[in-house]
Structures are given as C-alpha cells and as structure tokens.
2 protein chains.
Amino acid sequence: MVTLESNSDIGTLAKQLWALGDPVRLEIIQILPTRPTCHNACNVSTIAGRIGLSQPATSHHLRILRQAGIVTCEKKCRDMIYWIDLEAGSAVGERIQNLIGSS
Amino acid sequence: MVTLESNSDIGTLAKQLWALGDPVRLEIIQILPTRPTCHNACNVSTIAGRIGLSQPATSHHLRILRQAGIVTCEKKCRDMIYWIDLEAGSAVGERIQNLIGSS
DNA sequence: ATGATGTATCTATATACTTAAATATGTCAA
DNA sequence: TTGACATATTTAAGTATATAGATACATCAT
C-alpha cells in the first residue's frame, strides 16, 4: 500500500520537479520569501522587473509554480503577494533522497 | 563569490530538476540500482520492457538523465549497464533545500 | 478613472515518441 | 584466423504535442 501510495505520488513529484526545472522559475524561487510579506519584492510587477520578463510571462511561471503547490499566493491590498510553501518545497527534496536511495 | 558560483549553478540545477521532472524518468530512477551491477535490470532492453517503452525511447530518456549527470553508464560485455550517480542525486535534493530556505 | 493582475489567443520553439538505419560487440562455423 | 550472422545500443529523420513568450482584453480593488 505504501508502494501504491508512493507510486501514485510519482506524477505529483514529477510535476513539482518539472516546475522547478526551469532557470527562470528557480530565479523566482530565489526572490520569493518564505512567508507572506509586503516588504520584499513579492508582487508580480516587481518580480517581473527583477527577472527581466513581462508581467504576463511572470504570471504564467508563477501559475505553474502555484499549480505544483510550491508557491502560495494571497490578495493583499491591491497586490497579489506570493511566497514559497516551505513544507511542500522541502518535501520535494526529501522525496528525491528517498527515491534515489531506495534501490 | 558564493552568490556568483551558486548563480552559475542554477542552469545546471534546473537541467537536473527538469530531467527528473518526468514520470517515465522517475520510474527509470526507481528501477536503476545505485551501483554498477548486472544482476538487476540495468541494461536498456530490460528497462524498456519494464516501463513499457521502446528501446530507442528508453535510450533517449537515459541519455537525458546521463547528460544531467544523474545516471552513469558503462559498457559491460555487450550490454550497456546504467546506475544512479548517488552523489549527484542527493546533491540535487540538498540544493533544493538550500535554495528554498535561503530567502 | 487608474493601476495591478489574470485570462485568451497566437506564434516560434522544444520535447517525446516511433520507425528506420548505423555502429559496435560478441558468437559461431569453416 | 577469418568471414558471416546475431544482439544491443545509439543516432537520424519525421511527426504530433507541449511549452514559453508576447499582445490584447477582461476583471477587480482603490
């Protein structure tokens, strides 16, 4: 059952790894904070400016990260602020270790 | 300098994560041993049979994993045997943790 | 109305897969 | 040993699908 469970999780893990497997999105991850805050560059426009991409394109990448469960967002005032889902993020790292060391 | 170094590594890390971000390749990772051995299913044909894919397609996925430095291969007799590069593999997991916890 | 974000649509590029051909290595008979 | 065949893998060519990015439009709060 554990096998079945982890097996069905493979699609999810692959999705998360794929979402992280892009230089632009890794750069976004580096910029994003780990907690919801307005102090740093956590709204889409500022992130777009820092990585040198248009706002829609940045929004697109953020959506991919969000759908993979790696980042979370919330409407604060008039901005949409993004931050990293620490739990999900570190779970990805752990799953890789478990997967590789299991054979 | 650490920043610059880790910055130039981002492309490599992205490539490794992208290589791992595919259900088929994760399945291959699950099958592959962590040391060169002929006992298990470590040659291309057997792997192809286990994941239900053609040999060329399997070879293609193995090539991607190899170019990302996640698996290693060596010619043994007439077969090409593959195994996981443990060091590189666990380094990926660690880098994710460091990247996410840094902000 | 204004400013910020998300969605839709479209184009260029990249990826995954298959079939077919090439390469390399080992086996067997003469 | 030599030549012919068999096996395993890689590479190439071609096609269908997926993705990244831009532009334009819709939405929502101030």
Side-chain angles (χ1 to χ4, degrees), chain A residues 10-12 14-29 31-33 36-83, chain B residues 10-12 14-29 31-33 36-83:
Chain A
I10 280 195
T12 305
K15 191 177 178 183
Q16 292 176 319
L17 289 171
W18 176 84
L20 288 171
D22 183 284
V24 171
R25 291 196 283 269
L26 280 184
E27 211 173 337
I28 291 176
I29 290 291
I31 291 175
L32 287 181
T37 169
C38 287
H39 293 344
N40 224 342
C42 43
N43 67 332
V44 180
S45 303
T46 315
I47 295 169
R50 288 182 67 175
I51 63 178
L53 220 58
S54 70
Q55 283 180 15
T58 307
S59 179
H60 175 237
H61 285 293
L62 285 169
R63 183 187 182 189
I64 289 173
L65 289 170
R66 196 180 51 205
Q67 286 180 337
I70 293 167
V71 307
T72 315
C73 65
E74 189 183 313
K75 198 131 194 173
K76 201 104 176 185
C77 304
R78 77 183 165 194
D79 295 355
M80 187 71 95
I81 58 170
Y82 285 82
W83 67 94
Chain B
I10 281 197
T12 305
K15 192 177 177 182
Q16 293 176 317
L17 289 170
W18 178 84
L20 287 171
D22 183 285
V24 171
R25 291 195 284 269
L26 281 183
E27 210 173 336
I28 291 176
I29 289 291
I31 291 174
L32 287 182
T37 170
C38 287
H39 293 343
N40 224 342
C42 42
N43 67 333
V44 180
S45 302
T46 315
I47 296 169
R50 288 183 66 176
I51 62 177
L53 220 57
S54 70
Q55 283 182 15
T58 306
S59 179
H60 174 239
H61 285 295
L62 285 169
R63 183 189 182 190
I64 289 174
L65 289 170
R66 196 181 52 205
Q67 286 180 336
I70 293 168
V71 307
T72 314
C73 64
E74 190 183 311
K75 197 130 195 173
K76 202 105 177 183
C77 301
R78 75 183 166 192
D79 295 354
M80 188 70 96
I81 58 170
Y82 283 82
W83 67 94

Spacing of OH belonging to Y82(B) relative to CG belonging to L62(B), to within rounding of 0.5 Å: 5.0 Å
Atom-pair distance (CH2 on W18(A); C1' on dA14(C)), nearest Å: 12 Å
Candidates dT18(C), dA4(C), dT10(D) - which lies nearest the side chain of V44(B): dT10(D)
Sugar-phosphate only, base, or nothing, as touched by L62(A) at under 4.0 Å among non-hydrogen atoms: nothing
Most 5' of D22(A) and P56(A) on DNA chain D, judged by nearest nucleotide: D22(A)
side-chain N/O R66(B) vs dT10(D) OP1/OP2, d < 4.0 Å: yes
R25(B) side chain near dA16(C) phosphate (N/O to OP1/OP2, under 4.0 Å): yes
Length of the CD-P vector between Q55(B) and dT18(C), whole Å: 12 Å
Step-by-step side chain to side chain contact (heavy atoms under 4.5 Å, CB included) determination, W83(A) to E74(A): CA-CA 9 Å; W83(A) 67 94; E74(A) 189 183 313; 3.6 Å; yes
T58(B) side chain to S54(B) backbone, donor-acceptor under 3.5 Å: yes
Under 4.0 angstrom between S54(B) side-chain N/O and dT18(C) OP1 or OP2: yes
Gap between atoms NE2 and P, on H61(B) and dT15(C) respectively (whole Å): 13 Å
R63(A) CZ to dT5(C) C1', straight-line distance once rounded to whole Å: 13 Å
Side chain of S59(A) - closest among dT9(D), dT7(C), dT18(C): dT7(C)
Between dT19(C) (C1') and H60(B) (NE2): distance, integer Å: 15 Å
Distance, rounded to the nearest Å, where K75(B) contributes NZ and dT9(D) contributes P: 8 Å
Atom-pair distance (CE on M80(A); P on dT30(D)), nearest Å: 13 Å
Euclidean distance, atom CG of residue L65(A) to atom P of dG6(C) [Å, nearest integer]: 13 Å
Phosphate-side-chain proximity, Y82(B) and dT10(D), N/O vs OP1/OP2 below 4.0 Å: yes
dA4(C) OP1/OP2 closer than 4.0 Å to side-chain N/O of N43(A): no
D22(B) vs W18(A), side chain to side chain contact (heavy atoms under 4.5 Å, CB included): CA-CA, chis, key distance, verdict: CA-CA 7 Å; D22(B) 183 285; W18(A) 176 84; over 6 Å; no
Heavy-atom donor-acceptor pair, R66(A) side chain to V71(A) backbone, under 3.5 Å: no
